[in-house]
Amino acid sequence: MLQTIEDTAAPKKGNGIHYAFAICLGGFLTQMIVLSCQRIPSIALESIRETLGVGYAEVGLITSVFMIFYAGLSIVWGMLGDKIGTRKAITLACALAALGAISFGILAPMGLYVAIATWAIAGVGTAGLLMAILPKIVSRWFAPNKRGFGMSLITPGANFSAMILGIVAPMIIAATGWQATYIIFGVLFAAIAVFVAIVFREGPEEKGLAPYGAPAGTQAAPEPIVEKAAEQEGSLSKLGRVLKMPIAWHFGLFYIVYQIAYMAATQYYVSSIQSVGFELGQAALAITIGGVLTICVELILGQLSDRMERKNIIGAVVLIGAVLGFGYWFYLTHTTAPSLYVCYFFVSLISASTGVITVIMTGAGEYFDDDVRATGTGFVGTVNLVGRYLGPWIAGMIIDATGVVGNSFGIVGVCFLIAALIAFSFPRVSKVRPHAQQG
C-alpha cells in the first residue's frame, strides 16, 4: 500500500511503499507521451504523405513545426509550473498532447495546414513534460541524496516507449490505418492525463510525508523556505531572477552544445550503418539495442549521482560519449568493409551514454531555488532549441560536402568533448545555493 500520513508517525520497516513511487509512475508515463509524439510521425510518414498528397519536404513541416513548439515552449511551461503548481501544469500538458493526437487523427486529412496546426497542439503539450517541470517534482518528493534515483525511475519511460513503439505502431497502422492509430494513442495520452490529475500532489507534505530518503523520524516535508518568502512574486519577476543567474546561462550553454552532438548522432544512427552496405532492418536493430542499454545506464547513473557530485558524472559520461563518437567516426572513415557488429557496438554505446540525461535533469534542478526551479529548468530546456536545430543542420552540411555519412560522428565527438569540459566547469551547488540541503 502507499504510505500515508498515519504511516509517518512512527517510521519503521514494512510501512509500505512511499507515495513518491506513485509520482514516479506518473512521470514514467509522461515520458512515454514525449517519445511517442516524437516517433509516431516518422513511422506513419509514408501513409500520411500519401493521404495528403504532398512531397517529403512538405510533410516534414508537420514534424518541424511540432519541434519548434516542443523545444521552444519549455520556459513557458516552467513559469506556469511555478505559478499554478506542478500538478495542474503537467496534467494540462498531458491533456494538450492528447488533444493534439486525437485532433490530428480526425482532422489532418483535411489538408497540410490543418495537419500542421493540429500536431502543433501536441507539440505545445509535450513541451511541458520534460525539462520544464519534472526536476521540480523530483526535488520535492525526494531528499537530495535520492533525487538521482527518483529521476532514474522516470526517464526510462521514453526509452521503454521507443523499444515497443517500433513493433506496436506498425501493427496498429496496418490493422486500423494511421488516422485511427493517432486517435488510439491520443486516448491513451488522455488516460495518462487523468491518472496524473488523480495521483499527483505538489509535494509530500500534502500526504503528511517527508521526502523519500529523508532522515529517519522526519515527520513531514517542510514548506520550501524561499517559495514561502516569495509566494507573491509574479512569473515575470521569477524569470528575471533566473535570467540574472550565471548558472542558468552556464548550464544553458552546456545543453546547447550537448544537443548539437545528441541530434547529430540520433539523426544518423541508422543512416551511418546503411551507408556502409547494410539493410534498414539490420541497421534499425542498433536502436533497439541502444534503447535497452540506455535504460540500464539511466538506472545506474541516477543512483550513482546520489553518491557523487552530479556535475562530475555528467562531465565523465559525456566525455565517454565523445571518445565513442571519435572512435565511430574513425572506424567508418578508415575501414574498407565495416562490420555490422562493430557498428552495433558504437551506436548502442553512444546511445547508452545519452542515459546521462537522468543526471542532467536532476543536476539542473538543484541549481535553482524551489520557487523558480521550474522556470529555471524551463529556461535551460528552451535554449537547447538552438542545439536541436544546429545539430542535424551542421552534420548534414558536412555529409553533403564530403559524401560520407560517418563524418557526422566527428561532429558528435567534438561537441560532446566541449560539452564535457563545460560540465566539469559547473560550480558546486552549495556555492550557488548555500541553503541547498534544505531544498
Side-chain angles (χ1 to χ4, degrees), residues 26-27 29-42 44 48 59-108 110-137 157-158 161 181-183 185-197 200 235-236 238-239 255 259 263 361 374-389:
L29 294 174
T30 66
Q31 297 316 286
M32 293 183 64
I33 293 179
V34 173
L35 206 289
S36 295
C37 285
Q38 291 184 42
R39 297 290 173 86
I40 293 175
S42 63
I48 295 172
V59 78
L61 288 174
I62 298 174
T63 299
S64 295
V65 174
F66 167 92
M67 288 300 298
I68 290 174
F69 285 100
Y70 165 66
L73 292 182
S74 185
I75 180 62
V76 176
W77 280 104
M79 294 168 65
L80 188 64
D82 283 330
K83 186 175 181 63
I84 69 173
T86 56
R87 179 188 184 186
K88 291 180 180 178
I90 206 162
T91 300
L92 177 60
C94 291
L96 286 173
L99 176 62
I102 293 172
S103 61
F104 186 83
I106 296 173
L107 302 176
M110 295 174 62
L112 178 63
Y113 294 114
V114 175
I116 291 173
T118 51
W119 197 233
I121 297 173
V124 173
T126 52
L129 298 178
L130 189 61
M131 195 72 175
I133 301 174
L134 280 179
K136 181 166 184 170
I137 291 173
S161 177
T181 301
Y182 273 86
I183 295 173
F185 274 92
V187 171
L188 175 62
F189 299 165
I192 293 174
V194 172
F195 178 86
V196 168
F200 265 45
S235 296
L236 292 179
K238 291 179 179 179
L239 177 59
Y255 212 30
Q259 285 292 345
M263 293 302 294
M361 291 175 64
T375 301
T377 55
F379 170 77
V380 173
T382 292
V383 297
N384 89 83
L385 175 65
V386 177
R388 283 182 178 274
Y389 279 90

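Taking each heavy atom of Ile183 and Gly105 in turn, the nearest pair found is CG1-CA, 4.1 Å. Counting all heavy atoms, side chain and backbone alike, Gly378 lies closest to Ser74 at O-OG, 3.2 Å. Taking all atoms of both residues into account, the shortest heavy-atom contact from Thr375 to Met79 is OG1-CA, 3.4 Å.
When side chains are defined from C-beta on, Thr382 does not count as touching Leu73, because their heavy atoms never get closer than 4.5 Å. Counting heavy atoms from C-beta outward, Cys37 and Tyr70 have side chains that stay 4.5 Å or more apart. Two residues are said to be in side-chain contact when any heavy atoms from C-beta on lie closer than 4.5 Å; Ile33 and Leu29 fail this criterion. Contact check for Leu188 versus Met32: no side-chain heavy atoms found under the 4.5 Å cut-off. Contact check for Lys136 versus Thr377: no side-chain heavy atoms found under the 4.5 Å cut-off.
Atom-to-atom distance recorded for Thr30:OG1 and Leu35:CG is 11.5 Å, nearest 0.5 angstrom. The distance from the CG atom of Leu61 to the OH atom of Tyr113 is 8.0 Å, given to the nearest 0.5 Å. The distance from atom CH2 of Trp77 to atom CG of Asp82, rounded to the nearest 0.5 Å, is 13.5 Å. Between the CG atom in Leu385 and the CD atom in Gln259 there is a gap of 9.5 Å [rounded to 0.5 Å]. Between the CD1 atom of Ile75 and the CG atom of Leu80 there is a distance of 11.5 Å, given to the nearest 0.5 Å.
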For residues 115-132, please give each side-chain donor-acceptor pair under 3.5 Å, one per line with the distance, not counting sequence neighbours.
from	atom 1	to	atom 2	distance (Å)
Thr118	OG1	Val114	O	2.9
Thr118	OG1	Ala115	O	3.1
Thr126	OG1	Ala122	O	3.1
Thr126	OG1	Gly123	O	3.2

Using a 3.5 Å cut-off and no angle test, enumerate the donor-acceptor pairs between side-chain atoms of residues 87-104 and protein atoms at least two apart in sequence or in another chain.
from	atom 1	to	atom 2	distance (Å)
Arg87	NE	Ala197	O	3.0
Arg87	NE	Phe200	O	3.0
Arg87	NH2	Ala197	O	2.6
Thr91	OG1	Arg87	O	2.8
Ser103	OG	Leu99	O	2.7
Ser103	OG	Gly100	O	3.1

